Each structure stands twice: as structure tokens, then as C-alpha cells.
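This report concerns only the one structure given below.
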Amino acid sequence: MNAKPMISLVIPVYNEERNLAMLMERILPTMSAMKRPYEVVLVDDGSRDSSLDILRGFAELPEVRVVELTRNYGQHAAILAGFSIVRGEIVVTLDADLQNPPEEIPRLIETMEEGGFDVVGTIRKGRKDSFLRIIPSKIINIVARKITGVQMTDWGCMLRAYRRQVVERMISCHEHATFIPALATHFGKRLTEIVVAHEERHGGKSNYPLRKLINLQFDLVASFSDLPIKLIMYGGIAMATLGVCFGIVLAVARLVYGALWAAQGVFTLFAVLFAFVGFQFFALGVIGEYIGRIYREVRKRPEYVIEHVHGDKAGGGDAQLKEKES
Ligand code: UDP
Ligand code: MG
């Protein structure tokens, strides 16, 4: 037995039947070559294809455990579910679609151990994604840097390593809509990032359509800052001031040019009115996004429910139906 601390891999899986065999084929040799204890925790996030069946097959291996969630809770909640049962001292997350090459894991661990870091992030070199997928990521990166105040380059890449204490602090947060790489910056002091390779999705297609990306963006912003509400307030103040000034201009023009001119100005008024009404609806929408999230938090439903942990040899029966209460 090696004295080096154990490594836990946490991999969220949602409809990845075409990638799982290849994923394990690449992970297992990489991990065993490191000659230290490790485990692979695969989280089935309510897949509708045969992913769960394939995963249950892998759960026969001594190093593998499979967490079955009751439905689809989203990538970040799935990772948290995996975090709740990990046994390792170092926890590495990665995607199941092989966009994060598992061969990079040893370098990630080396950086963490040699530098004594709490979190090691990654920058994707030569990113292999569509243009429409890269633009939202760029926005997410800028926003994440602004609101966390941490100068990490690439927040979207899930190939990351965390120390156990950071993971424990994250799971004790009980947040519903969260963004794990940003959350980790609150709980780890020494952060760094390394450049890693990025590959095309092995099979299937991205689970992030534009709607989900916008939602994720809002999770990130809403759970870490109230800047949007403040911006709206400032915008509102600016608009009100402009409105008053415009009113004065209209009144003066009415006195100078007479009643006829004022009647013709009616369309200008309409235009201004529509702009204001539009802005109000937008403002309501932003506030609504916050209220929706607050509502989800106060309902206190668990952020995920584990139906079963397959392959839990050491854990006994208590891992079954383990719920994470808020
Ligand atoms: N994923 C998940 N639940 C979801 C959506 C995605 O567990 O609701 C997993 C998915 O199986 C993959 C990872 O999260 O392992 C990243 O998803 P994807 O590759 O679709 O995202 P992208 O690479 O486009 O950011
Ligand atoms: Mg992907």
C-alpha cells in the first residue's frame, strides 16, 4: 500500500452512453499508473439512455462507485452528490464526454501536491467547441472574474482538483443554484491553474443549449452578487433623471412654440414611454430571476436525491436513499 493520499474522481453523467466505455478505458490505466489509491465516483444525473446500465456494469470494479440520482438535477448538483460520498483527500472533477483528457490528471495532482494548493483549475488549450458555445463561456469567464475577484482564466473547464476540506466546505453550503468552480474560490485559499489539452466531444452532443447556458450564467451571477439589481437601480435613477429633463424641455418648447407643436410631439412621448415600459419589464424579469431562486432555497427541498449508490462495498447499506437535506 502506498502512503500517498487517495484520489477521488467525480464524473457527472447525463446521456453519455456512447462515451462511457472509452472514458473508463482511458481513466483506469492512467490512474493505476499513478500507483496510489484512487476511486472513481460516477454520478448518473437521471440519464434517459442506457448510461445507467453501463455504469452499473462498471460498479463491479472495486475502484468504482456509481451514484444513481432520482432525476436530472443538472451538472453542478450531480457533482455535489458525488462530493457527498467521496473518500479521497484530493478530489478531481471531469466531464464524461472526454473533452477533458484523463491523461492530464497526474499533472493536475502533481501541481497541487508540489505547490501545496487547495484548488487547481485548468485553462483549455485549443478549445474544441462550437463558436456558439465559446462566446457564452467567454462572458461567463469575465463575469466570474468580476464577481469573485479571483483572476482565474477559464472557469468553465470542469477538469479541476480540490482538496478535501474545500469539498467539505462546499457541500455544507446547501445551495441549489450554484457554480462549483466559483464556489470553490470562497473555500480554498491557495488557487492556481494549469494549461490542459481539450478534445472534441467523443460522441453525442452538448447538454448545454442556449437556454441552459443563460440559466447557468444567472446561477453564477445571482449566487455570488447582487450587481444586476444594483445596475437596474442605477439605470432607473439615470432614466428618471433623463425623464425629468426631457419633461422640462417639452414644457419649455410648448411655451416657446405653442400648442400645435406640442401635439406633434406625441410620438416622441410614445417612443420614450415604450423605452421606459420595456426597461421596467426587463427589470421585473431580473428581479424575478432572483425571487425564483430565493423561492427554491426557502422551499428547502434537497438539491439532489440519491436513489442508490451502486458498488458501495465498504459503505454498507447506509448509503442507500441518502438524501442531502438543506
Ligand atoms: N451533465 C450532467 N447533467 C446535466 C448536463 C450535463 O451531469 O444536466 C454532464 C455531462 O454528462 C458531461 C458534463 O456534465 O459529463 C458536461 O456536459 P456537456 O459536455 O454537455 O457540456 P459542455 O461540454 O457543452 O459544456
Ligand atoms: Mg462537453
Side-chain angles (χ1 to χ4, degrees), residues 5-17 19-32 34 36-47 51-70 72-98 100 102 104-106 108-109 112 119-120 158-172 178 180-181 183-184 302-324:
M6 185 181 197
I7 298 169
S8 297
L9 303 188
V10 174
I11 308 173
V13 176
Y14 181 56
N15 299 343
E16 304 279 8
E17 59 183 4
N19 305 325
L20 293 172
M22 179 59 105
L23 178 74
M24 294 309 274
E25 223 169 87
R26 286 175 60 180
I27 282 183
L28 296 176
T30 311
M31 294 311 290
S32 39
M34 291 179 76
R36 58 192 288 172
Y38 73 93
E39 63 168 355
V40 185
V41 175
L42 293 144
V43 185
D44 174 64
D45 188 17
S47 297
S51 295
L52 182 61
D53 296 330
I54 302 173
L55 290 178
R56 289 178 70 161
F58 291 133
E60 303 292 322
L61 298 170
E63 301 85 8
V64 178
R65 282 186 293 160
V66 172
V67 180
E68 178 183 343
L69 299 184
T70 53
N72 180 249
Y73 291 90
Q75 181 186 1
H76 294 258
I79 292 175
L80 283 178
F83 280 173
S84 74
I85 66 156
V86 291
R87 300 190 179 123
E89 282 308 310
I90 294 179
V91 181
V92 175
T93 56
L94 72 156
D95 286 351
D97 58 1
L98 287 164
N100 309 135
E104 301 277 14
I105 297 173
L108 207 63
I109 308 281
M112 171 165 267
V119 177
V120 183
M158 277 298 156
L159 181 59
R160 298 176 107 80
Y162 307 98
R163 288 246 179 229
R164 186 177 185 89
Q165 76 217 35
V166 176
V167 166
E168 276 170 8
R169 288 170 193 159
M170 281 199 271
I171 52 180
S172 64
T178 197
I180 289 176
L183 192 61
E303 53 263 50
Y304 54 81
V305 178
I306 296 178
E307 173 78 20
H308 192 83
V309 180
H310 302 276
D312 206 357
K313 297 104 198 160
D318 61 337
Q320 275 193 38
L321 256 179
K322 184 177 171 198
E323 282 191 17
K324 185 147 167 294

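Given the structure is predicted, the values throughout are model-derived calculations rather than measurements.
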Taking every heavy atom of Ala78 against every heavy atom of Leu69, the minimum-distance pair comes out as CA-CD1, 4.1 Å
Let's go through Val64 and Met24 carefully: what are the C-alpha distance in whole Å and the side-chain angles of both, what is the deciding distance for side-chain contact (heavy atoms from CB on, under 4.5 Å) to 0.1 Å, and is it a yes or a no? CA-CA 10 Å; Val64 178; Met24 294 309 274; 3.7 Å; yes
Taking all atoms of both residues into account, what is the closest heavy-atom pair of Gly82 and Val10, and its distance? CA-CG1, 4.0 Å
Measure from the side-chain N and O atoms of Thr93 to the backbone N and O of Leu159, and report whether any donor-acceptor pair falls under 3.5 Å. no
Between Ile306 and Ser84, is a side-chain contact (heavy atoms from CB on, under 4.5 Å) present by the stated rule, with each step listed? CA-CA 10 Å; Ile306 296 178; Ser84 74; 4.0 Å; yes
Got a second to check how far Ile79's CD1 is from Ile180's CD1, nearest 0.5 Å? 4.5 Å
Are any non-hydrogen side-chain atoms of Ile27 and Ile11 less than 4.5 angstrom apart? yes
State, to 0.1 Å, how close Tyr73 and Asp45 come at their nearest heavy-atom pair, and which atoms those are. N-OD1, 2.6 Å
Do Asp312 and Ile85 come within less than 4.5 Å of each other through their side chains, counting heavy atoms only? no
Residues 73-83 vs salt bridge (Lys or Arg N to Asp or Glu O under 4.0 Å), sequence neighbours excluded, gives none
Side chains of Glu39 and Pro62: closer than 4.5 Å at any heavy-atom pair? no
For Arg36 and Pro5, work out which heavy atoms get closest and say how close. NH2-O, 2.7 Å
For the CD atom of Gln75 and the CE atom of Met158, what is their distance to the nearest 0.5 Å? 4.5 Å
Checking Arg164 now: which residues fulfil side chain to side chain donor-acceptor pair (under 3.5 Å) with it, not counting sequence neighbours? Glu168
Work out which heavy atom in Asn19 is nearest to a heavy atom in Ala96; give both atom names and the distance. CB-O, 3.5 Å
Cut-off 3.5 Å, side chains only: do Glu307 and Thr70 have a donor facing an acceptor? no
Asp95 side, atom CG; Asn100 side, atom CG - distance, nearest 0.5 Å: 4.5 Å
Value rounded to 0.5 Å, distance of CD in Glu63 from CG in Leu28: 6.5 Å
Does the side chain of Pro181 reach to within under 4.5 Å of the side chain of His76, using non-hydrogen atoms? yes
In Å and rounded to the nearest 0.5 Å, what is the CD1 to OH distance from Ile105 to Tyr38? 10.5 Å
Do you know the tightest heavy-atom contact between Ile90 and Ala161? CG2-CB, 4.5 Å
So, using side chain to side chain contact (heavy atoms under 4.5 Å, CB included) as the criterion, who are the partners of Pro106 when residues are at least two apart? Thr30, Met34
Look only at the side chain of Ser47 and the backbone of Leu52, and say whether a donor-acceptor pair between them is shorter than 3.5 Å. no
Just verifying a value: how many Å separate Leu55 CG and His310 NE2, rounded to the nearest 0.5 Å? 8.5 Å
Applying the side-chain contact (heavy atoms from CB on, under 4.5 Å) test to Leu23, which of Asp97, Val13, Leu42 qualifies? Leu42
